[in-house]
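Atoms within a ligand are numbered from 1 in the order they appear, just like the ligands themselves. Values in this document were obtained by computation on a predicted structure and should not be read as measured data.
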Amino acid sequence: MHTRQELLTDLGRQTEPWDVLVIGGGATGLGAAVEAAARGYRTLLVERADFAKETSSRSTKLVHGGVRYLEQMNLTLVLDALRERGHMLRNAPHLVHDLSFVVPAYSYSSLPYYGVGLKVYERLSGKLSLGHSRLLSRKSTLEMLPGVKGEGLRGGILYHDGQFDDARYAVALLQTIGELGGTAINYVEATGLLMEAGKVAGIKARDCEDGADFEVRAKAVINACGVHAEETIAFNGRPHDSLLAISQGSHFVLPRSFLPGNTALMIPKTADGRVLFAIPWHGALIVGTTDVPVETKTSEPRALPAEKQFLRDHIARYMGRAPRPEEILSVWSGLRPLVKKGGVKTSKLSRDHTILVSSSGLITVTGGKWTTYRRMGQDTIDHAAEVAALPKVPSRTLELKLHGWTGQSTSANSEWECVYGSDLSAVQALSNEDPSLDALLHPRLPFRLREVVWAVRHEMARTVEDVLARRTRALFLDARAAIESAPTVADLLARELDRSEAWMAKDLESFVRLAKGYLYEE
Ligand SMILES: Cc1cc2nc3c(=O)[nH]c(=O)nc-3n(C[C@H](O)[C@H](O)[C@H](O)COP(=O)(O)OP(=O)(O)OC[C@H]3O[C@@H](n4cnc5c(N)ncnc54)[C@H](O)[C@@H]3O)c2cc1C
């Protein structure tokens, strides 16, 4: 993998326009760039922060068809997503796995209702099914979900869905782009569009690390800016603020003791008619999510008091007691870019994606889900080929194995280490060079110092936040432990990137300020 500096130098040398230029390095942009590079198009992606900095690192970590959309009778979305789920599992088994879910039933009538629904869900996935769904007795439900409220429990329904690590999946996509001959660079912002005869011919860009401005020419420009897509459309000089409705979703992370075992809990209908999950993840338990319409599009959304109240109430209702403040290890929120439809509530808005081609030729792709990122990429690049008159090449991403794919079992010492897939032995070998890198970053976290070094050398990590939030998932698992680990990470980063003491102090301070926002406050 090339360093960021090498990629920027190479970018400066390019004289030919790129075939495809993608703005935004979340799931949508990375998926589009993989699709373009896999078709042999000269592909560049720019991301103004870090890859998956915004919504794409803040999902509920489900690779799913969406049981809820089945109830809304959105069969096409469910079918598409179930197919994608199957392929994500095949193409990145180091990052996606099958997880058992149990829906506890507190009335006898809900057992057949959800039982039939989940059987349909299983059948829709056809050959890509992850396992059979079935009704459970009260006793089996309590065995699979120790910790769930027993009072009034009649039984449960077991079904299967996928789970993944979203930010690590983004890293695998980034590396796959490089392997396919494409280029993806973080901390480069698109600040405007280059126009020629009324058509988009590239972007104005800024290197966010040194402030240098430059221009990049391209035949097709794709706007994959998530909740900021309208701001990029406005580069055209045409304000466009009627496309997106933003909905915020928040999660609590709790110790696994709240729901021990390896099964996830699914509540099909909360007080506001949503689905709520409690899911084991990297040794902790994620509880979420909420769905609250919001106006602001900050890159660091914070859980609102009503969301925290909602999560506390539902944890108390289904897991026996509300968590004490110090038991809430991390609180994080993400913003959904949903495509507006009249006055429809955000929880009822479709999770289908939308592609818009403006008269200037700018291609905007938005909406969708992580699970459907590949399909969104395929559709987007079909449009890009049309707009830019690129040679027609069929998609080949459905069966494309992502970076890290391995058909063999790895010598992982922990569930966490599996995310490195075929890279794992090289990550572990760093400790042979320097045995001090074998140490754990923090006693409460599964990460080792060698993973920090690996992230800088091979995964384009540039800051303490990149390492603790997205290359490892420390901030999302235990914000206090992440803050305590930050000085060690800053030291390693300064050494690896040859940064000054002043840089280190500033980066450390900015991480600690940000991470405090993940600590639970009443
Ligand atoms: C709370 C929540 C839970 C979810 N759970 C799930 C789930 O369990 N499963 C699932 O399948 N889906 C889930 N989703 C949906 C999924 O996370 C999103 O659909 C997906 O992450 C959106 O990706 P994106 O690339 O469109 O947006 P983003 O990830 O936000 O990426 C957009 C990127 O564009 C960059 N950018 C913006 N402007 C510029 C510019 N001018 N120049 C350069 N870069 C720019 C931003 O920095 C950002 O990184 C969830 C969403 C939320 C909010």
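- Figure legend: cation-pi geometry between R473 and F476, with NZ or CZ positioned under 6.0 Å from the six-membered ring centre and within 45° of its axis.
- Listed by number with element, the atoms of ligand 1 under 4.0 Å from a non-hydrogen atom of G249 are 1 (C).
- Within the cation-pi definition used here (under 6.0 Å to the ring centroid, within 45° of the axis), R58 does not qualify as a partner of W332.
- Considering T371, T372, D379 as possible partners of R375, the one that fulfils the side-chain hydrogen bond (donor to acceptor under 3.5 Å, both in side chains) test is D379.
- Remark: ligand 1 atoms within the under-4.0 Å shell around heavy atoms of T289 are 1 (C).
- Of the N or O atoms in G368, one or more lie within a sub-3.5 Å distance of an N or O in ligand 1.
- Side-chain atoms of S125 do not come within 3.5 Å of backbone N or O of L128 as any donor-acceptor pair.
- Taking only non-hydrogen atoms, the option from P301, S247, A52, C225 nearest to atom 32 (C) of ligand 1 is C225.
- Considering S333, S59, G288 only, the shortest heavy-atom separation from atom 4 (C) of ligand 1 involves S59.
- Contacts between A81 and ligand 1 below 4.0 angstrom, taking non-hydrogen atoms only, are absent altogether.
- A cation-pi arrangement is not found for K308 relative to F252, the charged atom failing to lie both closer than 6.0 Å to the ring centre and inside a 45° cone about the ring normal.
- Only side-chain heavy atoms of H251 come within less than 4.0 Å of ligand 1; its backbone N, CA, C and O stay farther off.
- At most 12 heavy atoms of other shown residues, nucleotides or ligands fall within 6.0 angstrom of atom CG in N262.
- Close approach of ligand 1 to S56 is summarised as follows: ligand atoms under 4.0 Å from at least one heavy atom of the residue are 20 (C), 21 (O), 22 (C), 23 (O), 24 (P), 25 (O), 28 (P), 29 (O).
- Of all protein heavy atoms, the one closest to atom 49 (O) of ligand 1 is E47 OE1, 2.7 Å.
- Per-residue contacts place K61 under 4.0 angstrom from the following atoms of ligand 1 (heavy atoms of the residue considered): 8 (O).
- Within the 3.5 Å criterion, the main-chain N or O of K53 finds no donor-acceptor partner in the side chain of D50.
- Residues Y114 and Y159 place their aromatic rings such that the two centres sit no closer than 6.0 Å.
- At a heavy-atom distance under 4.0 Å, no atom of Q248 approaches ligand 1.
- Counting heavy atoms under 4.0 Å from ligand 1, residue L62 touches it through both backbone and side chain.
- Under 4.0 Å from ligand 1, the heavy atoms of I23 that appear belong solely to its side chain.
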